[in-house]
**Student:** 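A single structure is presented below for examination.
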Amino acid sequence: VEEVLNMVGLPPEEFAGRYPHQLSGGQRQRVGLARALAADPPILLMDEPFGALDPITRAELQREFKELQQRLSKTVVFVTHDVSEAFAVADRVALLRDGRLVQHGPPELIYERPIDVWAARQTGPAAVLELPYRRTADGGSVVRIDGLDLPVRCDATLPTSPGGMATFVVRPEWATLGGPLRAAVEEVRYQGSYTDHRIRMGPWALDVRAPGPPRGAGGGGGPVPSRA
């Protein structure tokens with residue numbers, strides 16, 4: 001008992017004699033983890049263990065859990081509906097839809113290269129644009145927006161037929177303010193370390209994330225999609 005309490009950051013001399021009503025929410029979660037570890041199972045299943053906690057305590061426990069899991073080399077199946085939590089604690093992420101496995105892999109792969117539009121929207125903010133494209137002589141690709149041909153980096157192999165349409169996913173941090181496109185800024189949301197700008201270019205609306213405080217909500221150029 002003393003060993004597992006020390007593992008989860010609860011000194012036994014202080015917490016071993018306490019009753020549940022004498023513990024905070026975070027401490028109760030630590031006790032639950034300690035009880036699970038006491039049996040030393042080869043695989044540990046955790047079903048949204050931090051879901052009822054406040055954001056600060058939740059982030060703290062996520063860091064402690066990750067450190068503990070790496071120290072013990074314990075296989076953990078961690079179930080969560082919070083994709084940011086999945087990315088924070090997991091070595092590999094599996095997306096399930098209607099009981100079927102849609103995609104699995106390292107967190108960065110799941111976020112940077114979603115297998116389809118559903119996976120993209122489940123793993124973070126994503127604007128989905130249907131755009132005309134064409135291949136260039138050097139093997140690159142360009143999309144046409146507002147009468148301009150703009151180069152894009154494509155993680156997928158696009159067909160070579162001229163005049164084709166492709167589905168592009170644009171994350172807020174994959175676009176930048178400024179450039180040759182004209183766009184209307186519809187909303188500015190200051191988030192502390194970054195600011196999200198909701199912009200519209202003709203029929204398309206998407207978010208653009210910029211570091212720091214707002215740069216202003218008027219005029220300016222638009223973003224260039226950078227993933228396909």
Side-chain angles (χ1 to χ4, degrees), residues 55 81-88 93 95 97-98 102-228:
H81 287 86
D82 183 346
V83 67
S84 62
E85 181 171 66
F87 289 161
V93 174
L95 293 179
R97 183 182 187 185
D98 298 329
V102 175
Q103 186 177 4
H104 67 93
E108 58 272 19
L109 174 68
I110 300 296
Y111 185 80
E112 295 280 341
R113 301 184 64 181
I115 196 169
D116 57 23
V117 170
W118 180 88
R121 286 174 168 160
Q122 294 299 309
T123 52
V128 179
L129 311 180
E130 294 286 340
L131 298 172
Y133 75 92
R134 64 178 178 84
R135 301 296 299 273
T136 57
D138 60 1
S141 298
V142 297
V143 296
R144 191 162 186 83
I145 303 177
D146 198 23
L148 297 174
D149 285 337
L150 304 174
V152 292
R153 194 193 85 188
C154 294
D155 292 333
T157 301
L158 297 177
T160 57
S161 58
M165 299 289 292
T167 301
F168 289 80
V169 170
V170 184
R171 303 283 194 194
E173 67 277 11
W174 294 351
T176 57
L177 295 172
L181 297 176
R182 301 293 297 179
V185 179
E186 297 184 331
E187 183 183 1
V188 177
R189 301 186 300 277
Y190 178 55
Q191 304 290 329
S193 60
Y194 63 89
T195 299
D196 281 338
H197 303 76
R198 183 71 170 179
I199 71 167
R200 180 168 295 279
M201 299 182 300
W204 304 294
L206 63 154
D207 290 327
V208 179
R209 182 163 296 169
R215 296 169 56 182
V224 178
S226 59
R227 300 287 195 281

**Student:** So, for Arg200 and Gly202, which heavy atoms are closest and what is the spacing to 0.1 Å?
**Tutor:**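 Here Arg200 and Gly202 meet closest at CG-O, 3.3 Å.
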
**Student:** Count the heavy atoms belonging to other residues, nucleotides or ligands that lie under 6.0 Å from CG of Asp138, then report whether that count exceeds 12.
**Tutor:**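 Counting other residues, nucleotides and ligands, CG of Asp138 exceeds 12 neighbours.
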
**Student:** Using every non-hydrogen atom in the two residues, find where Ala210 and Leu177 come nearest and quote the distance to one decimal.
**Tutor:**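 So the minimum-distance heavy-atom pair works out to CB-CD1, 4.4 Å.
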
**Student:** With rounding to the nearest 0.5 Å, note down the distance linking CD in Glu112 to CH2 in Trp174.
**Tutor:**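 Answer for the CD-CH2 pair, Glu112 versus Trp174, is 5.0 Å.
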
**Student:** On a heavy-atom basis, which atom in Arg198 and which in Arg189 lie closest, and how many Å separate them?
**Tutor:**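 Heavy-atom minimum between the residues: CB-NH1, 4.1 Å.
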
**Student:** Enter the distance from Leu206:CG to His197:NE2 here, rounded to the nearest 0.5 Å.
**Tutor:**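 Rounded to the nearest 0.5 Å, the CG-NE2 separation comes to 12.0 Å.
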
**Student:** Provide the closest heavy-atom pair for Val93 versus Phe87 in the form atom of the first, atom of the second, distance.
**Tutor:**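 Taking every non-hydrogen atom into account, CG2-CD2, 4.1 Å.
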
**Student:** For Pro213 versus Tyr190, what's the shortest heavy-atom pair and its separation?
**Tutor:**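 The answer is CA-CE1, 3.6 Å.
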
**Student:** Show your working on side-chain contact (heavy atoms from CB on, under 4.5 Å) between Arg209 and Thr195 and close with a plain yes or no.
**Tutor:** CA-CA 6 Å; Arg209 182 163 296 169; Thr195 299; over 6 Å; no

**Student:** How many angstroms lie between OH in Tyr133 and CE in Met165, if you round to the nearest 0.5 Å?
**Tutor:**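 Here the interatomic distance stands at 10.0 Å.
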
**Student:** Would you say Ile199 and Glu186 make side-chain contact, with heavy atoms under 4.5 Å?
**Tutor:**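 They are not in side-chain contact.
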
**Student:** Val128 vs Phe168, test: side-chain contact (heavy atoms from CB on, under 4.5 Å). Steps then yes/no.
**Tutor:** CA-CA 6 Å; Val128 179; Phe168 289 80; over 6 Å; no

**Student:** Quick one: OH on Tyr111 to OG on Ser84, what's the gap to the nearest 0.5 Å?
**Tutor:**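 One gets 11.0 Å once the value is rounded to the nearest 0.5 Å.
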
**Student:** Would you say the side chain of Val143 lies within less than 4.5 Å of the side chain of Asp149, judging by non-hydrogen atoms?
**Tutor:**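 A side-chain contact under 4.5 Å is absent here.
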
**Student:** What's the spacing between Leu95 CG and Gln103 CD if we round to 0.5 Å?
**Tutor:**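 Atom-to-atom, Leu95:CG and Gln103:CD are 6.0 Å apart.
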
**Student:** Got a list of side-chain donor-acceptor pairs under 3.5 Å for residues 118-127, not counting sequence neighbours?
**Tutor:**
residue	atom	partner	partner atom	Å
Thr123	OG1	Ala119	O	2.8
Thr123	OG1	Ala120	O	3.2
Thr123	OG1	Arg171	NH2	2.9

**Student:** Rounded to the nearest 0.5 Å, what's the gap from CG on Leu150 to CG on Leu181? Could you check?
**Tutor:**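 Here the interatomic distance stands at 5.0 Å.
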
**Student:** Closest approach of Met201 and Ala183, non-hydrogen atoms and distance?
**Tutor:**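 It is CG-CB, 3.5 Å.
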
**Student:** Step by step, work out the side-chain contact (heavy atoms from CB on, under 4.5 Å) result for Val208 and Asp196.
**Tutor:** CA-CA 6 Å; Val208 179; Asp196 281 338; over 6 Å; no

